[in-house]
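Scroll down for the structure; my scribbles are underneath it.
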Amino acid sequence: MARILRVALPVPLYTCYDYLPPREAWPEQAGRGCRVRVPFGRGRRVGVVVAVTEHTEVPQHKLRPAQAWLDAEPLLDAPLMALLEWAARYYHHPLGEVLDAALPTLLRQGEPAQWRLREHWWVTEQGRNTEPDALNRAPRQAQLLARLQALGERGLEASELAQMPGQARRAARALADRGLAVSAEQASPELLQGEGVETPPAPLDDQQAVLDHLQAAGEGFQPILLEGVTGSGKTEVYLRATEQALASGRQVLILVPEIGLTPQLLRRFRRRLAVPMAVFHSGLNDRERLDAWLAAREGRARVLIGTRSAVFAPLPEPGLILVDEEHDTSFKQQDGFRYSARDLAVMRARRLGVPVLLGTATPSLESLQNALAGRYAHLHLKHRAGGAAMPSFRVLDVRGRPLREGLSPALQTAMDAHLAADGQVLLFLNRRGFAPTLLCHECGWVAECQRCDARYTWHRRAGRLRCHHCDSEQPVPRACPECGSVDLRAVGQGTERVEQVLAELYPDVPVLRIDRDSTRRRGAMDALLAEAHQPGARILLGTQMLAKGHHFPDVTLVGVLDADHGLYGADFRALERMAQLLIQVAGRAGRAERPGEVLIQTHHPEHPLLHTLLGSGYDAFARAHLEERRGAGLPPFAAMALLRAEAVQAGHARGFLQAAAEQARALAGGGMQAGVMVLGPVPAPMERRAGRYRAQLLLQAESRAALHRLLARWVPGLAALPTARQARWSLDVDPQDMF
DNA sequence: AGCACGCCGACT
DNA sequence: GTCGGCGTGCTC
């Protein structure tokens with residue numbers, strides 16, 4: 001009855017591999033959830049033990065012993081392992097790769113699950129018995145001694161010395177010289193200690209209602225959609241709910257979108273809560289990520305704030321999960337293991353039996369439908385802080401109007417008025433660069449990317465043509481390569497071009513352009529934001545980046561330069577996205593004494609979205625749009641999965657999908673999976689991208705269960721199709737966009 | 001995914 | 001006569 005280790009390996013295979021235990025002694029606690037180093041093929045891999053069993057289908061001669069235990073006790077606890085196995089099944093993705101996505105890089109590479117060694121300071125025996133007041137000639141030393149005495153065996157991390165007033169490091173060395181303190185290297189995580197200096201304001205009625213709801217719900221699973229406009233105090237609710245969970249000795253996980261929201265939220269949390277916290281986002285290096293992960297796992301971090309992958313952080317004492325801006329698309333991983341961190345957060349909360357709070361001003365239709373169907377509690381924050389009024393919306397019909405680089409006369413008039421009153425103006429244009437098209441006026445030639453079905457964007461300042469879909473760029477031609485004419489013209493507007501015309505129209509007003517190009521340099525974003533918060537008239541001009549997170553209290557006018565693109569997008573989610581964007585952009589503006597005004601330029605002023613959204617608000621729009629989705633049988637009233645494929649050779653992607661489609665249809669037609677439609681394959685909306693031809697196959701079902709039954713029987717066999725090796729392919733369950 | 005093994009074109 | 005193309009088979 002030899003024991004066998006079943007190991008998930010980071011390879012795109014749907015099978016686990018069985019190994020004999022390492023020859024070394026078996027650590028008492030070792031088992032499922034531990035990493036092992038194993039021989040695999042002619043190399044070595046780090047895998048995770050998913051089961052210890054006594055039976056194997058593998059012939060004895062094939063079994064090789066694992067090389068070594070990398071963890072003496074489970075790195076991933078039972079609930080987390082179970083969640084990851086569930087996720088692998090739900091997304092029909094190999095378990096080894098799912099586990100890989102859940103682990104920090106260093107752990108994937110086999111590093112020990114240990115904190116970095118850091119310099120620490122402690123009191124000595126002599127220091128413990130010395131009255132700090134005895135050092136009255138050296139107040140800094142006295143202060144530090146008192147602190148070290150209070151910390152006792154925990155000690156003080158040297159990096160915290162830097163944050164203390166005065167030359168704390170010198171004081172520490174002086175204490176050491178007196179024999180009162182000593183320093184040494186000790187393994188510890190880098191934790192942010194909350195200051196807890198801010199006194200909480202009294203909660204408003206609707207905020208209190210959310211907290212009461214949480215309290216009444218007790219400790220069980222309780223999904224809540226928390227809908228509140230910008231400035232309605234969602235963060236205050238997060239803070240209070242977090243305090244409640246911390247008070248009962250639990251940890252709190254907070255998921256935030258990718259764009260720089262973290263610093264602001266973190267600042268609020270640190271000012272308010274006097275507990276150790278950790279952050280987890282893409283800006284950290286590998287060591288920092290590992291430390292944060294371990295701090296969560298050891299329970300040292302009581303609050304963990306992180307982006308998408310933080311949903312997999314280990315939490316020994318979970319009490320609450322918060323998802324901020326739950327509608328944000330960055331919660332969906334867009335390659336490899338395409339999970340939705342928001343959906344997994346809800347599933348994790350359910351399995352852990354803890355509440356989960358989904359906060360947003362503009363709920364995703366998925367979450368809204370869950371709320372309307374009674375699966376989630378639906379709570380609202382109605383009041384803007386300080387009684388600020390919601391901004392007023394107005395549609396500017398630009399049909400037939402003379403546009404100056406995309407600015408209508410009516411918008412300019414409004415800008416004049418707001419700037420004259422010392423207000424700030426925010427202009428939103430979701431297109432960076434100078435112009436999206438460079439055109440030869442003589443022959444009609446258009447500069448196009450060689451590797452994509454897309455036009456080059458002219459970046460005038462950089463003097464380059466850049467493709468926004470691959471990384472290619474080239475110098476701007478002096479003359480048309482087709483006819484030799486030098487009359488090359490910019491068609492359409494990007495932020496760079498609008499910036500230029502604004503400088504001409506308003507020579508005395510600073511214009512701040514905020515897009516990926518202007519914020520690429522390190523620190524550039526912070527500098528621009530600091531400048532934006534200066535008093536006095538300013539024009540802020542930017543892309544999507546501007547719509548998220550940052551609030552500009554002095555902005556009184558928001559102009560959306562081009563709403564038309566979002567109104568007729570190819571994707572069935574285009575309208576939902578557009579509505580969310582408009583409300584989010586509008587939310588950047590205004591405060592109590594100066595209600596904001598939002599002007600939306602469009603060639604389609606009669607569009608029903610604009611009518612409903614602006615006339616009756618996001619909720620009315622969302623409910624109406626849900627009914628359209630229901631009528632059309634689209635999500636959230638249908639379940640979808642998208643099989644994408646791409647290949648350098650035209651036809652290879654399509655060929656694979658064709659074969660895959662035949663198998664799917666055979667399965668769907670077999671009666672077992674009635675109600676699953678197999679649509680396609682069709683070319684991707686932009687067929688060629690970065691030199692590859694792309695195509696996709698859509699599976700759509702009325703019932704999630706039926707879809708998943710088919711996927712379970714279909715997906716594992718796809719790799720065995722003869723055409724599978726001619727294309728790169730991936731399955732996207734619950735795709736968020738169709739491109 | 002890697003990485004082998006294994007059969008057909010242009011090179012020292 | 002060999003070096004190397006990528007087809008297909010396997011990894012416990």
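Throughout, protein chains are lettered first and strands after them, A, B, ... in sequence-line order, and every chain is numbered starting at 1.
Counting non-hydrogen atoms under 4.0 angstrom, A:F40 reaches a base of the nucleic acid. Residue-level contact check: A:L5 touches neither bases nor backbone, having no heavy atom under 4.0 Å from any strand.
Using the six-membered ring where Trp is involved, A:Y339 and A:F337 have ring planes that are tilted, between 30° and 60° apart.
With A:D18 as the partner, the side-chain hydrogen bond (donor to acceptor under 3.5 Å, both in side chains) test is satisfied by one option alone out of A:R64, A:R6, A:K62: A:R6.
Looking only at distances, a side-chain donor or acceptor of A:W26 sits under 3.5 Å from a matching main-chain atom of A:A30. Judged by distance alone, the side chain of A:D453 and the main-chain N or O of A:R688 form a donor-acceptor pair under 3.5 Å. The main-chain N or O of A:V46 is never found under 3.5 Å from a side-chain atom of A:R35 such that the two would form a donor-acceptor pair.
Considering all non-hydrogen atoms of both residues, A:D517 and A:H459 come closest at OD2-CE1, 3.2 Å.
For the atom pair CD (A:E326) and OG (A:S364), the distance works out to 3.5 Å, reported to the nearest 0.5 Å.
Contact footprint of chain A on DNA chain C: nucleotides with an atom under 4.0 Å from a non-hydrogen protein atom, first to last in 5' to 3' order, C:dT8 to C:dC12.
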Open item on the list: Using salt bridge (Lys or Arg N to Asp or Glu O under 4.0 Å), reason through A:R116 and A:E288 one step at a time and then give a plain yes or no.
Closed with: CA-CA 9 Å; A:R116 175 171 29 186; A:E288 291 167 330; 5.5 Å; no
Would you tabulate the pairs of protein nitrogen or oxygen atoms and nucleotide nitrogen or oxygen atoms of nucleotides 2-4 of chain B closer than 3.5 angstrom?
residue	atom	partner	partner atom	Å
B:dA4	OP1	A:R42	NE	2.6
B:dA4	OP1	A:R42	NH1	3.1

